[in-house]
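So you know, we letter chains A, B, ... as the sequences are listed, proteins then strands, and number each from 1.
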Amino acid sequence: MQRTLILNCNNKIGENVMVCGWVSVRRDHGKIVFLDVYDRSAIVQVVVTGELAGDLHPQDVVCITGNVAKRPENLVNLNLETGSVELQASKIEILSKAEELPFDMGGKELDLQLPTLLDFRSLTLRHPKVKAIFKVQEVTIDAFREAMKKKDFTEFQAPVIIPQTAEGGADVFEVKYFNHKAFLSQSPQFYKQIMVGVFERVFTVNKTLRAEPSVTTRHLTEVTTLDAEFGFIENWLDVMEMADYVIKYIFERVGRECGETLKMFGVTIPTVPEKIPMIKLRDAQEVIFKRTGRDNRKEPDLEPEDEREICRWSKEEKGSELIFVTHYPVKKRPFYTFEDPEDPGYTLSFDLIGRGTEWLTGGQRINNLETLERNAKEWGVDLKKSELYLQAFKYGMPPEGGFSFGSERIVMHVLGLTNVREASLFPRDMERVDVRLSTLK
RNA sequence: GGGACCGUAGUGAACUGGUUAUCACGUCUCCCUGUCACGGAGAAGAUAGCGGGUUCGAUUCCCGUCGGUCCCGCCA
């Protein structure tokens, strides 16, 4: 018999069908047993005799043959997509038995501590509420692609093994590369800039790997970043506008396609006005000082608490849960960042901050070879190994800029998760690569 | 790299310087043909992370150790 998707049972009342999937819940009344069975399309109630139900348990994989019946009016379950029908089983084939589960997977919430959630990742990912996070991730990345393509950007694949770090920082993974030393990419920065010389407008979705010894709720060592870079910009505001467009595009699709998930998490898409507000770093610090008395006006960056405060301000005063903070000091940014000719010492760069943390960094880049080389020297970045990068500027590079989103952070904040690890299928951090590293000693 | 806090059945939590360490979910047995995270009755399951100390007595207080969480620095 042909297999039917559970969702299609709604249209097959009176028909004999076979559905295949996993058992999620068993409600045993003795002579009659109700099973909740789900496949990729939906969940359905299966009515079985006690005899036929045998010792079926949650997560057993089954193929059930039976008759699709309309439920009596008073027994319709409005919480279920297929709640107006049920499958009256005549035959159950067990494809795979599951061992006893370490915790209850049947509830609406999966109330586990983070280490348990990750120790049993293959199983916990199956929980509807956990699974839903990664549909949001999929839509987020897909929406990014779609948004970029609509603006005539070309997608490219950036390398993962690199000869030299883009940021000049120390926090990169070193790899043994035959008889040499190489590094794992902590950003596709150099390559996306090179690619502007090729396709003019480019974007890339890839893994960036960071060896920062940061154990926090918002850091991962393996991140999926959404990068874009484009040439012939009028000025840096073009770059910001593009980022504004992209994030709204993502919000629009997540809002439209993941409504059930948003409801499940009790959240709404962040509210943003027609144009996401912007504020210079110094002005933000002034605002924070006025509001809290905390004086960080001499600092080159915002502290986490400042980021939360400026978000509160933005929401109250500007009606926006996102805000661009601009003009970070030259010294605080990578060597390729464009200095504002009208505000020397500060860059034409920006962070997009939302719901308390950074989502994105972007800005205009230096497209003049001499300035770039001078800066690299001053920053202590040895570009000998990055000849290809300089080459791109040697042979003609228009004014350009770009930005980079952390996709996990977008998903985390849209869903109101308290830890980025929850927004990563298989999160890597200082203490875990699938298994806890401490258990491998 | 710096700091704060936590460690109790499979899971999530509670309590306690004193006799059988509590609850919920899960598991097992029995009852139940309309439940939908079904319900009811019963049972098993924890040498309180580990080591040491204080004490008549420690799961509880102290120290060490291992494991974990959070905050800061840094970043997406």
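- To the nearest angstrom, P of B:U35 lies 15 Å from CG of A:L80.
- A close approach under 4.0 Å does occur between a side-chain nitrogen or oxygen of A:T361 and OP1 or OP2 of B:A76.
- Taking atom P in both B:A41 and B:U47, one finds a spacing of 29 Å when rounded to whole Å.
- We find that CG of A:L112 is positioned 17 Å from P of B:G68, with the value rounded to whole Å.
- Pair assignment for B:A4: B:U69, on the basis of Watson-Crick or G-U wobble contacts that are both within less than 3.5 Å.
- In this structure, A:K31 atom NZ and B:C30 atom P are separated by 13 Å, rounded to whole Å.
- The partner of B:U11 is B:A24, judged by Watson-Crick or G-U wobble contacts that both fall below 3.5 Å.
- For B:C70, one of the phosphate oxygens OP1 or OP2 lies less than 4.0 angstrom from a side-chain nitrogen or oxygen of A:N419.
- For the C1' atom pair drawn from B:A46 and B:G10, the interatomic distance equals 11 Å after rounding to whole Å.
- Distances shorter than 4.0 Å separate none of the side-chain N or O atoms of A:R333 from OP1 or OP2 on B:C75.
- Considering only side-chain N and O atoms, A:R26 lies nowhere under 4.0 angstrom from the phosphate OP1 or OP2 of B:G26.
- When distances run from any side-chain atom of A:T216 to the nucleotides B:G67, B:C72, B:C32, the shortest one goes to B:C72.
- Nucleotide B:A44: unpaired (no Watson-Crick or G-U wobble partner with both distances less than 3.5 Å).
- Contact check, A:S187 against B:A76: no side-chain N or O comes under 4.0 Å of OP1 or OP2.
- Base pairing annotation: B:G34 forms no Watson-Crick or G-U wobble pair, as no partner gives both donor-acceptor distances under 3.5 Å.
- In this structure, A:K332 reaches the B:C75 phosphate: one of its side-chain N or O atoms is under 4.0 Å from OP1 or OP2.
- Between the CG atom of A:L118 and the C1' atom of B:G68 there is a distance of 12 Å, rounded to whole Å.
- We find that CZ of A:R27 is positioned 7 Å from C1' of B:C38, with the value rounded to whole Å.
- Taking the centre and axis of the six-membered ring of A:F338, the NZ or CZ atom of A:R365 falls outside the cone set by 45° and 6.0 Å.
- One can place CD of A:E305 at 12 Å from C1' of B:C72, the figure rounded to the nearest angstrom.
- Pair assignment for B:C61 gives B:G53, based on Watson-Crick or G-U wobble hydrogen-bonding distances that are each under 3.5 Å.
- Taking the 5.5 Å centre cut-off and the 30° plane limit, the aromatic side chain of A:F103 is not classed as stacked on B:U11.
- For A:Y328 and A:Y346, the gap between ring centers reaches or exceeds 6.0 Å.
- The phosphate of B:U11 (OP1 or OP2) has no side-chain N or O of A:H127 nearer than 4.0 angstrom.
- Atom NZ of A:K135 sits in a sparse spot, with 12 or fewer heavy atoms from other residues, nucleotides or ligands closer than 6.0 Å.
- Screening A:K298, A:K280, A:R297 for a salt bridge (Lys or Arg N to Asp or Glu O under 4.0 Å) with A:E286, the sole residue that qualifies is A:R297.
- Nearest-nucleotide positions on RNA chain B for A:V223 and A:E303 put A:E303 closer to the 5' end.
- Ring planes of A:F203 and A:F144: perpendicular class, angle over 60° (limits at 30 and 60°).
- Each of A:E212 and A:P102 lies near RNA chain B, and the nucleotide nearest A:P102 is the one positioned closer to the 5' end.
- Taking 4.0 angstrom as the limit, A:R409 places none of its side-chain polar atoms (N or O) nearer than this to OP1 or OP2 of B:A76.
- Residues A:D60 and A:S96 form no side-chain contact, since every pair of their non-hydrogen atoms from C-beta on lies 4.5 Å or further apart.
- Of the candidates B:U69, B:C75, B:G68, the closest approach to any side-chain atom of A:R436 belongs to B:G68.
- Dashed line: the shortest gap from a side-chain N or O of A:Q186 to OP1 or OP2 of B:A76 is not under 4.0 Å.
- In summary, of the residues considered (A:R218, A:E307, A:R409, A:H413), a side-chain hydrogen bond (donor to acceptor under 3.5 Å, both in side chains) with A:T357 occurs for A:H413 alone.
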